[in-house]
Amino acid sequence: MEILEYIEKNIHDFKRDTLNIDRFLNDTRASYSFFQANYPDILKEFNRKERSEEEIEGMEIFKSLQESVCTYESEIYKFCFINLIARTDAFLNDIARSIYLWKKPDLQEEKREKIILRFSHSSFKDKLEHLKKEFNLTFPNIKKWESSIVELFSTRNIILHNNGLVNETYLRINGNSDLNLGDKRVVGEEYLKFTFVLIIIIAKSIEEQIHIKMS
């Protein structure tokens with residue numbers, strides 16, 4: 001497979017994975033809604049006659065699920081968010097490796113992999129600067145939304161490493177944040193929708209710039 005086809009595959013796979021996360025979110029929420037809508041009838045039917053210990057035990061699971069759906073739904077938002085940012089990180093690393101193979105094919109593999117490793121550990125902002133410096137790749141649409149995208153990555157970090165609590169690092173990176181030290185960063189429906197929008201902007205911007213460089 002030609003290297004430019006690898007790059008196209010990187011972009012295609014990222015779009016597919018993003019859509020899969022969105023599909024998982026919608027399917028899961030639909031399942032919860034269906035369960036909640038039907039739970040009263042299930043409970044009513046269950047109470048109409050005597051039940052065996054096994055049936056009672058099974059119904060307890062249903063009752064527990066009914067009580068936990070709200071918590072599960074909020075966790076689903078967080079789960080999808082973390083996966084979106086993780087997949088974006090992986091996509092940027094894949095793109096960087098493919099571009100190095102394309103634009104600097106003579107670079108020793110060991111040296112290239114060391115560069116990619118440093119790239120993978122760098123911040124989103126530093127990743128953009130690296131691509132600009134090394135390959136003259138600029139992404140105007142990403143730049144327009146850069147502060148919001150940086151905030152997404154900061155949120156991912158405090159969820160994973162600080163139980164979602166705003167810390168000094170988060171506030172230093174996001175100087176205009178309305179949050180205060182120790183506040184809980186909540187990932188709700190609207191925040192996740194906005195995340196999807198920004199992820200799509202990243203994918204489309206990179207795809208556009210790669211196509212420009214190809215032509």
Side-chain angles (χ1 to χ4, degrees), residues 10-94 124 142 145 147-167 170 174 177-205:
N10 293 154
I11 295 169
H12 170 78
D13 289 350
F14 181 54
K15 289 180 177 179
R16 181 203 61 203
D17 291 347
T18 300
L19 288 173
N20 283 342
I21 293 172
D22 184 51
R23 188 176 297 116
F24 169 79
L25 171 67
N26 290 329
D27 288 352
T28 303
R29 293 187 65 199
S31 297
Y32 287 160
S33 295
F34 179 81
F35 173 79
Q36 287 181 305
N38 287 277
Y39 178 77
D41 290 336
I42 294 172
L43 182 61
K44 185 177 180 180
E45 176 62 28
F46 180 85
N47 290 330
R48 279 181 177 171
K49 62 180 182 179
E50 292 292 325
R51 298 290 177 176
S52 66
E53 288 186 9
E54 189 176 272
E55 288 175 317
I56 292 172
E57 185 177 334
M59 192 61 197
E60 286 303 314
I61 295 174
F62 269 59
K63 288 179 180 179
S64 177
L65 177 58
Q66 170 67 12
E67 294 168 358
S68 302
V69 163
C70 290
T71 301
Y72 288 167
E73 197 162 41
S74 65
E75 288 299 308
I76 287 296
Y77 292 138
K78 191 162 62 176
F79 173 83
C80 290
F81 171 79
I82 291 171
N83 275 272
L84 275 175
I85 302 304
R87 188 63 195 92
T88 303
D89 253 342
F91 167 65
L92 293 172
N93 297 340
D94 291 342
F124 177 79
I142 293 178
W145 292 97
S147 61
S148 295
I149 295 171
V150 166
E151 197 278 331
L152 298 181
F153 283 81
S154 303
T155 292
R156 187 272 307 271
N157 291 340
I158 60 173
I159 289 174
L160 290 179
H161 305 301
N162 204 41
N163 198 32
L165 299 177
V166 171
N167 55 22
Y170 175 94
N174 305 286
S177 176
D178 294 329
L179 298 174
N180 299 308
L181 188 67
D183 284 352
K184 186 85 170 182
R185 190 31 157 145
V186 177
V187 176
E189 183 177 4
E190 293 305 313
Y191 187 81
L192 185 59
K193 285 180 180 178
F194 187 50
T195 301
F196 273 107
V197 170
L198 294 180
I199 296 303
I200 291 168
I201 288 172
I202 291 172
K204 287 186 174 180
S205 297

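We number each residue from 1, following the sequence as shown. This is a predicted model, so every value here is computed, not measured.
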L165 vs K184, side-chain contact (heavy atoms from CB on, under 4.5 Å): CA-CA, chis, key distance, verdict: CA-CA 5 Å; L165 299 177; K184 186 85 170 182; 3.9 Å; yes

K49/E55 salt bridge by N-O under 4.0 Å criterion: no

Assess whether side-chain contact (heavy atoms from CB on, under 4.5 Å) is satisfied between F124 and I202, documenting all intermediate values. CA-CA 11 Å; F124 177 79; I202 291 172; 4.1 Å; yes

Would T28 and Y72 satisfy side-chain contact (heavy atoms from CB on, under 4.5 Å), going step by step from the backbone distance to the final call? CA-CA 10 Å; T28 303; Y72 288 167; over 6 Å; no

Under the side-chain contact (heavy atoms from CB on, under 4.5 Å) criterion, do F196 and L25 qualify, and how do the steps go? CA-CA 12 Å; F196 273 107; L25 171 67; 4.2 Å; yes

Ring centroids only, cut at 6.0 angstrom: are F62 and F46 within range, meaning strictly under it? no

Pairing of E67 and K63 as salt bridge, 4.0 angstrom limit: no

Please say whether more than 12 non-hydrogen atoms of neighbouring residues, nucleotides or ligands are located less than 6.0 Å from CZ in F35. yes

Could you check if a side-chain atom of T195 sits within less than 4.5 angstrom of a side-chain atom of I85, using non-hydrogen atoms only? yes

Would you please say whether a donor-acceptor pair under 3.5 Å links the side chains of S64 and E60? no

Hey, is R16 close enough to D13 for a salt bridge, meaning N to O under 4.0 Å? yes

Can you classify the ring geometry of F81 versus Y191 as parallel (below 30°), tilted (30 to 60°) or perpendicular (above 60°)? tilted

Distance-only polar pair, side chains of R29 and N26, donor-acceptor under 3.5 Å: no

